[in-house]
Amino acid sequence: MAKTLFDKVWDAHVVHQIEGGTDVLYIDRHLIHEVTSPQAFDELKKRNLPLFRKDKMVATPDHNVPTKDQHLPIKDALSKHQVDTLLKNCAEHNVELYGLGHPFQGIVHVIGPELGITLPGRTMVCGDSHTSTHGAFGAIAFGIGTSQVAQVMATQCLLQARPRTMRITVDGELNQGVLAKDIILYIISKLTAAGGTGYFVEYAGSAIQSLSMEGRMTICNMSIEMGARGGMIAPDQTTFDYIEGREFAPKGEDFEKAKIYWETLRTDEGARFDKEFHFDARDIEPMITYGTNPGMGIKITGNVPDGADAGDSFHKSIQYMGFEAGETLLGKEISHVFIGSCTNSRIEDLRIVADYVKGKKKADHVNAMIVPGSKQVELQAKSEGLDQVLAEAGFELREPGCSACLGMNEDKIPAGAYCVSTSNRNFEGRQGPGARTLLASPLVAAVTAVQGKIVDIKKHLN
Amino acid sequence: MEKFTTLQSTMVPLPIEDIDTDQIIPARFLKATSREGFGNNLFRDWRYNKDDSPKDFVLNDDTYTGAILVAGRNFGCGSSREHAAWALADYGFRVVVSSFFADIFKGNALNNGLLPVQVSDEFLNTLIQVVKANPKIECLVNLKEQTIKCGALEEQFEIGAYKKECLLNGYDDIDYLVSMKNKIEEYEKKAITI
């Protein structure tokens, strides 16, 4: 029977099927960080259970870490305690850990791929909803809660109802100034923040295939923002080229053997999806969000919906943002620009920003922060001289972490301030209590920083 | 996990759509390393001003009390933080009624004995009107029968057979998975290893 990419990977990991549609699913790799793991380690201790397969786990602190002076002790006592607890738990259980200052440290969803831990056909989980990122390689990857983190620690398995499948095909050539971020913001604006709930998504079509791995990761990363547990893209030559030579990727003959298997990981002709959507790349323009969920996106030159048919939630949302129904966002002054997060903090993102701001200056009133996704990205940026370019343009290049995406550390956006952010969530208070977030691509963020307000970026491209 | 069979309680209405887990428990309160105490910060930024004075919010309104939260569509979207389920349970909720739940939240709730009851949009809207008109009215949730009743209103709700058994008996997934150890090891021997 013709199978989807999702079916092939899922079926290869079913240990046992329980009557009534729940599967015992084997997990190949488990990433952990400081925020969602301590209670899981505690649960194991409480139940007197050992770690079942510690070699399939990798740990790194990212959510809570400062992005300045990482060589110094963490100042915030609670953050320090949480990071220290991760260190202690990993030492106690002999789990591979990349702590602050380690050349492999970074946001879990940035380091997995760049270290070759993320591979096609694998199942991967992490106590973090943006685990969907790893699906860009043709892996089944999804976020889990802490009880499930403990389950994977104890058994390397999870109990999962098989999700339904959805394919989203985007064909055609991308317009000028349109990046992967615009594609996914466009898709979510069409499907809504709940449109993918219950589904696992495969992204396909020529516009998706034309993307780099960084771009594909941006797309899969935000699958959860439409409620989908995960997103996948079939591996191809772009994928193989990215993986080859990475720290933990198969080498030499093993790589060639793996590639033969990976090449089978594509949806068969005639395979059936529970739902299908088709979009034309030419309809996609640079995007921005105006509301308080990622489904509330418009093209940057568009207007906030008039809200005539909308309920209280819509009006509550735009009131929080300080916008009027039906108005344009063009000309709105912006005080903060954040470039970072597991969505857009990879080397390609930094290059896009540096390339745009080279020889320019950010607007005086803008606070522009750029946080690399990992130590490797930071060092790569420095070796290419991007740090100099960014510094000259008035952007502050920080050290790696989740940072102002969720403001668990000091990097917060002040109450009432507008922040154009390359992150993934514009929820109320996400970047700090009262902060107002507008999600956009790294290019839109760079142009906004220079102009100090929202503009039609097409008129400002180099 | 605490068993769940039936619950009869008054309700707290929160008819807002797309309530994300950042609202349920903001990230700055996720720094704890234990599961306890999150209830104090449940809906923190909707509930309190910066100076900790209470806002005009349903949890600060004595009119509405009870162990059942009735919330708008797409409840629990966003972050996978199980702290959201812990916060709701710690505050005293045992049931959340909505017309749609985000996947990860639903799983987290079920793993903590907090029952997500998914009803039709129509039922939800009527229930909210009923609670607002009569805040002392009680609602009966029966897991075995998979029914929710409030006055003349009644609806069936769905729940997976496996999860239903877990809740009725107070079993955790981890117990089941640990009992599968031999099968898991057998699987590992024949699995594709790349």
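Chain letters run A, B, ... following the sequence lines, proteins first, then strands; residues in each count from 1.
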Can you tell me which portion of [X] sits under 4.5 Å from chain A's heavy atoms? Options are side chain, backbone, both or neither.
X: B:Glu17; value: both
X: B:Asn74; value: side chain
X: B:Ala27; value: both
X: B:Glu188; value: side chain
X: B:Ser34; value: backbone

Identify which of [options] forms the greatest number of heavy-atom pairs closer than 4.5 Å to chain B.
options: A:Arg229, A:His63, A:Gln160; answer: A:Arg229
options: A:Lys257, A:His81, A:Arg47; answer: A:Arg47
options: A:Asn64, A:Asp42, A:Thr22, A:Thr36; answer: A:Asn64
options: A:Gln156, A:Arg122, A:Glu225; answer: A:Arg122
options: A:Leu119, A:Leu159, A:Leu78; answer: A:Leu159
options: A:Cys157, A:Gly121, A:Pro163, A:Pro120; answer: A:Cys157

Does any non-hydrogen side-chain atom of [Y] lie less than 4.5 Å from one of [X]?
X: A:Val24; Y: B:Tyr176; value: yes
X: A:Ile224; Y: B:Ile104; value: yes
X: A:Ser147; Y: B:Arg35; value: yes
X: A:Met408; Y: B:Phe29; value: no
X: B:Glu82; Y: A:Val149; value: no

Ion pair A:Arg430/B:Asp20, N-O distance below 4.0 Å: no

One thing to verify: whether B:Lys31 and A:Glu34 come together as a salt bridge, which I'm taking to mean a side-chain N less than 4.0 angstrom from a carboxylate O. no

What is the distance from atom [atom1] of [X] to atom [atom2] of [Y], rounded to the nearest 0.5 Å?
X: A:Leu158; Y: B:Leu177; atom1: CG; atom2: CG; answer: 7.0 Å
X: B:Asp103; Y: A:Phe200; atom1: CG; atom2: CZ; answer: 10.0 Å
X: A:Ile144; Y: B:Ser80; atom1: CD1; atom2: OG; answer: 8.0 Å
X: A:Thr146; Y: B:Asn112; atom1: OG1; atom2: CG; answer: 9.0 Å

Top of [options] for chain A proximity - count of heavy-atom pairs under 4.5 angstrom:
options: B:Asn108, B:Asp45, B:Ile184, B:Asp18; value: B:Ile184
options: B:Thr33, B:Thr21, B:Ile16; value: B:Thr33
options: B:Pro15, B:Ala85, B:Pro26, B:Ala32; value: B:Ala32
options: B:Gly72, B:Gly78, B:Gly107; value: B:Gly78
options: B:Phe105, B:Tyr162, B:Trp86; value: B:Trp86

In terms of heavy-atom contacts, A:Gln82 and B:Leu30 come closest through NE2-O, 2.8 Å

